[in-house]
Chemist: 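Before I ask anything, here is the structure I am working with.
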Amino acid sequence: MGWSSWLLFLYLSWSFFFSRTHESQIYQLQLLLQLRKHLEYPSQLGILESYNGDLCNLSSSPNLGVVCLEDTVTELKIMGDKLVKVSNDFNGFAIPNQTLSESFSIDSFVTTLTRLTSLKVLRLVSLGIWGPLPDKIHRLYSLEVLDLSSNFLFGSIPPQLSRLVKLNSLTLDGNYFNGSVPEWLDSLSNLTILSLKSNRFNGQFPSSICRIITLTDIALSHNHLTGKLPDLSTLSSLHMLDLRENKLDSDLPGMPKELITVLLSNNSFSGNIPGQYGQLNQLQHLDLSLNNLSGTLPSSIFSLPNISYLNLAENMLSGSLPNHLLCGSKLGFVDLSSNKLIGVLPSCLGTMLDKRVVKFGGNCLSVDTQNQHQESYCNVANEEGKQSRCRAVGILVAAIAGAVLVISLLAMVAVFLRRRYRSGRTFEQNIISKVEQDNILTGVSSEVLANARFISEVAKLGTQGAPVCRVFTLEELKEATNNFDSSSFMGEGSIGKIYKGRLENGTYVAIRSLSLLKKHSIQNLKVRLDMLSKLHHPHLVGLLGHCVDSGIQNDSSSTKVFIVHEYVPNGNYRTHLSEMCPEKALEWPDRLAILIGVAKAVHFLHTGVIPGAFNNRLKTDNILLDEHRIAKLSEYGMSIITDETEKTEAKGDVLKSSPLVLTISKLHSLAVVPLNIHYCQLCLVITLTAPRIVSQPPVHCHYRTAVTIQVAIILLTLKCTHHNAGTHHILQSVTNSYMQQLSLLVSRVIVQNHKINLEDDVYNFGFILLESLVGPIVTGKGEAFLLNEMASFGSQDGRRKIVDPVVLTTCSQESLSILVSITSKCISPEPSNRPSFEDVLWNLQYAAQVQAMADADQ
């Protein structure tokens, strides 16, 4: 009985394994057939049309190769026959008989391709693929080799490619990529081969490449790179450097000692050939032809032990070669033609040697006079070179002397003006010193003084023109939602009800419905909505437009506002954590990618806009995932348009974005305008803002600040009405004094509240990190959970009990420890112990890098 049960178990296990393997084979074959359709049925994939065998046993050919590991496709090679014909007229559209047809969609093609998630090697060469390379290529996270050469790809290299941290070979030769070579290439820390030949790249050689110490091959020839080539000596593993046919115009840089091939021809390099090149003992092939190199030749490069090819033709090299010059035993080709060399040709470069090809025409050597210039030609050229260098030195010295003279004169003028200005500032300084004495207990730091200048910068930024978001009509939104039918109702967010709608052009949108108290005018509300629409970031849910309806029946105290967002179809982050939906549970690397995206978005809201947007309702429910699982933060910046700020101020908590800041910024920026300029605008600002400030000063506004505001308003009003030059001068001086006092007083409030607001977002983000570690069950437990359970993270056994099993099985211990550490800091009860958001983002990126390295070692 025992044997029969055991045999039955083995049979069932084998059947299950065979069934799963068979299903996987069918699925992968279907994907290849879809790729064949996208590529418009190339002959190389014709074998798949009637193939019904084991895909992993498909016979390889020079044009098609499929390699499997444990019945999963890990390598795909398709070599087509649509060779790229170099054309400067290619403008990104299909070309008959060269590219795939106009109906080809590179986005659909790459979407299908990324379903082969286990691919490690991908080579798609000469297939006529055209279009910009989509960001979603990064979904092939296991890629180690990517070769898309000889196609018609254009645009910039997508930044998301930096997430392919396992990549060790990137080849994009023979395409039409343009723009600058990306600076983020050093994110590919395992890269050994970088080949971007024959594209349209411009700009400078990126210094970030010098930080990829694993590189063995760099090929950027036949592009339009300009400027300086940085020192490459740090690339200790580099064997091949190919930068031919660019426009690089610096001196030759230092080179690593392990170099074997250096190809720098057809650029504009100048200066001498560094003597260090004579110490590159592994060097076999050196091509410096067609440049502007000058000076004498270092004789040591001829005697390098492995040198076989040396091309120095068409430069401005001068002087003579030593008679006793030694040549390496492997040197087979030397080209010194079209330079300014004089004297005799050394014996090791003589024409009688059969094993060595030597070219030296176009110089002034004392041999083969039919192909040589007269020695006077080279001497004149050398003298002209010396004279031009002397002239350059003379010009440089004269320029420096002139600059010193101008600076001296400016300094004298500045001293003179400062002395005159001091007398006019006596009254002002007395007032400011009194303010500083009154505030000596609290102190005025340099940060506050900086913020006093910051206030006026807000007003300057606000005056710059920017496109407003689209204004929808209520009828459009009713039509999009079938009159807000219950079938379009998606749920209720932290603020307002949310409906799914479809616009007339077929675009799906999410429409948030809010009812706001009429504390602001309709125009004021639209300005706030327009401000919110200017917050653009890849990880923020985009605001597409709005509709303001003030005509609500039976409720004259409310304004109905509809905010139209982009529709994000894949649910929120919380539903992708194990407790809620086990079959969709995200693995640890995916969670890290989502957390990094959200952290970047919040960091942008804090530092990328003026003024910063804080208290952004950070929680897992408000992190949405698109169809590619890219995180997008929703419900950010809602305090800009709601009355939440006023409610908070009434409680005496924290000043969020007080009208005082915006008002004073306007007054301060306009207080210093010249006579007869902007008087209408200035009076309008005072008329609109004075009653509110004087009658309703913010709770946090010190009494002295309120008084100073009132005095400033009176002075500015006088300034508006007195156009007499003498009276205006007096008012100008007194007004400036009061405005400086006002800036100092308000700035202290701004600095304190900026810090508290920042800490609020850090604290809330800490709970998002916590839920990412342990699952959504943490929601609602709050402080009790922290006090009783946080200690469990300190031991391995404790982590096994509390951390989500999906996380435990897909993370490295080092990566997990980094997240545990930064989480505990974020949710520290003491705000001063919490990290900055920049620190949080850095730790998340470091944890992701550690995890990627651990995955690569497996």
Side-chain angles (χ1 to χ4, degrees), residues 192-194 205 207 209-221 228-244 246 248-336 339-341 343 345-349 355-360:
T192 58
I193 298 174
L194 175 63
F205 184 95
S207 58
I209 290 180
C210 301
R211 296 191 288 272
I212 313 175
I213 58 175
T214 54
L215 278 174
T216 60
D217 295 68
I218 298 176
L220 296 172
S221 61
K228 180 181 179 181
L229 183 62
D231 191 308
L232 302 174
S233 56
T234 56
L235 300 176
S236 55
S237 301
L238 191 64
H239 293 158
M240 194 276 289
L241 176 66
D242 183 4
L243 298 176
R244 292 170 295 167
N246 280 285
L248 299 166
D249 56 6
S250 63
D251 291 345
L252 292 174
M255 296 288 180
K257 293 184 178 180
E258 299 300 315
L259 264 177
I260 296 174
T261 301
V262 178
L263 306 175
L264 301 178
S265 63
N266 210 350
N267 279 279
S268 298
F269 288 110
S270 58
N272 297 336
I273 299 175
Q276 183 246 354
Y277 286 21
Q279 302 171 12
L280 304 177
N281 291 331
Q282 304 300 319
L283 194 62
Q284 298 178 11
H285 195 121
L286 177 62
D287 188 352
L288 302 177
S289 60
L290 295 163
N291 282 289
N292 298 318
L293 299 173
S294 58
T296 57
L297 280 169
S299 57
S300 53
I301 62 174
F302 292 89
S303 57
L304 289 171
N306 291 295
I307 192 73
S308 62
Y309 181 97
L310 180 60
N311 192 346
L312 306 174
E314 299 196 40
N315 281 285
M316 300 174 65
L317 299 170
S318 59
S320 59
L321 296 170
N323 293 329
H324 53 80
L325 181 71
L326 298 178
C327 295
S329 59
K330 299 180 180 179
L331 186 60
F333 179 89
V334 179
D335 191 349
L336 303 174
N339 280 286
K340 311 297 179 186
L341 300 176
L345 199 65
S347 57
C348 74
L349 299 177
K355 64 177 183 178
R356 185 171 296 147
V357 176
V358 180
K359 296 184 177 181
F360 48 84

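Any value given below was found using the heavy atoms of this structure, including those in side chains, with hydrogens, waters and symmetry copies removed. Keep in mind it's a predicted model, so treat the numbers as computed, not measured.
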Chemist: What are the two closest non-hydrogen atoms of L326 and S303, and how far apart are they?
Modeler: O-CB, 3.4 Å
Chemist: Go through the steps to decide whether L232 and T234 satisfy the test side chain to side chain contact (heavy atoms under 4.5 Å, CB included), and finish with yes or no.
Modeler: CA-CA 5 Å; L232 302 174; T234 56; over 6 Å; no
Chemist: Could you list the residues that satisfy side chain to side chain contact (heavy atoms under 4.5 Å, CB included) with S268, not counting sequence neighbours?
Modeler: D249, N292
Chemist: Roughly how far, to the nearest 0.5 Å, is CG of N315 from OG of S294?
Modeler: 9.0 Å
Chemist: Of all residues at least two apart in sequence or in a different chain, which pass the side chain to side chain contact (heavy atoms under 4.5 Å, CB included) check with S299?
Modeler: P322, L325
Chemist: So, taking the atom named NZ in K340 and the one named OG in S318, what distance separates them when rounded to the nearest 0.5 Å?
Modeler: 10.0 Å
Chemist: Looking at side-chain heavy atoms only, is the closest gap between L248 and F269 below 4.5 Å?
Modeler: yes
Chemist: Suppose the criterion is disulfide (SG to SG under 2.5 Å): which pairs have a residue in residues 248-317, not counting sequence neighbours?
Modeler: none
Chemist: About how many Å separate CG of L238 and OG1 of T214, when rounded to the nearest 0.5 Å?
Modeler: 10.5 Å
Chemist: With side chains defined as the heavy atoms from C-beta onward, is the minimum distance between I260 and L283 less than 4.5 Å?
Modeler: no
Chemist: Side chains of F302 and V334: does their closest heavy-atom pair fall under 4.5 Å?
Modeler: yes
Chemist: Only one of D242, L288, L286, L243 passes side chain to side chain contact (heavy atoms under 4.5 Å, CB included) with L263; say which it is.
Modeler: D242
Chemist: Using side-chain hydrogen bond (donor to acceptor under 3.5 Å, both in side chains) as the criterion, list what pairs up with S233, not counting sequence neighbours.
Modeler: D231
Chemist: Tell me, which pairs form a side chain to side chain donor-acceptor pair (under 3.5 Å) where one or both residues lie in residues 252-265, sequence neighbours left out?
Modeler: none
Chemist: Only counting residues at least two apart or in another chain, list the ones meeting salt bridge (Lys or Arg N to Asp or Glu O under 4.0 Å) with D287.
Modeler: none
Chemist: What are the two closest non-hydrogen atoms of L235 and P256, and how far apart are they?
Modeler: O-CB, 3.1 Å
Chemist: I want to check something: taking the side chain as every heavy atom from C-beta on, are L310 and F333 in contact at a cut-off of under 4.5 Å?
Modeler: no
Chemist: Take L321 and L336 through the side chain to side chain contact (heavy atoms under 4.5 Å, CB included) test and state the conclusion after the steps.
Modeler: CA-CA 11 Å; L321 296 170; L336 303 174; 3.9 Å; yes
Chemist: Look only at the side chain of R356 and the backbone of C348, and say whether a donor-acceptor pair between them is shorter than 3.5 Å.
Modeler: yes
Chemist: Picking from L290, L252, N246, what satisfies side chain to side chain contact (heavy atoms under 4.5 Å, CB included) with N267?
Modeler: N246
Chemist: Just to verify, what does C210 make a disulfide bond (SG atoms under 2.5 Å apart) with, not counting sequence neighbours?
Modeler: none
Chemist: Go through the structure and list residues passing side chain to side chain contact (heavy atoms under 4.5 Å, CB included) with S308, not counting sequence neighbours.
Modeler: Q284
Chemist: Which value, rounded to the nearest 0.5 Å, describes the distance between L341 atom CG and L317 atom CG?
Modeler: 6.5 Å
Chemist: First locate atom NE2 of H239, then atom CG of L215, and finally report the distance between them rounded to the nearest 0.5 Å.
Modeler: 11.5 Å
Chemist: If the condition is side-chain hydrogen bond (donor to acceptor under 3.5 Å, both in side chains), which residues does K330 pass it with, not counting sequence neighbours?
Modeler: N306
Chemist: Find the distance between CD1 (I209) and CD1 (I218) and round it off to the nearest 0.5 Å.
Modeler: 5.5 Å
Chemist: If the condition is side-chain hydrogen bond (donor to acceptor under 3.5 Å, both in side chains), which residues does D335 pass it with, not counting sequence neighbours?
Modeler: S337
Chemist: Side chains of L312 and L293, heavy atoms from C-beta outward: is any pair under 4.5 Å?
Modeler: no
Chemist: Below 3.5 Å, can you tabulate the donor-acceptor pairs from side chains in residues 272-282 to any protein atom, sequence neighbours excluded?
Modeler:
residue: Q276; atom: OE1; partner: M255; partner atom: N; Å: 3.2
residue: Q276; atom: NE2; partner: M255; partner atom: O; Å: 2.6
residue: Y277; atom: OH; partner: P253; partner atom: O; Å: 2.8

Chemist: Which residues satisfy the side-chain hydrogen bond (donor to acceptor under 3.5 Å, both in side chains) test with Y309, sequence neighbours excluded?
Modeler: N311
Chemist: Any side-chain to backbone donor/acceptor pair from D217 onto M240? Under 3.5 Å, distance only.
Modeler: no
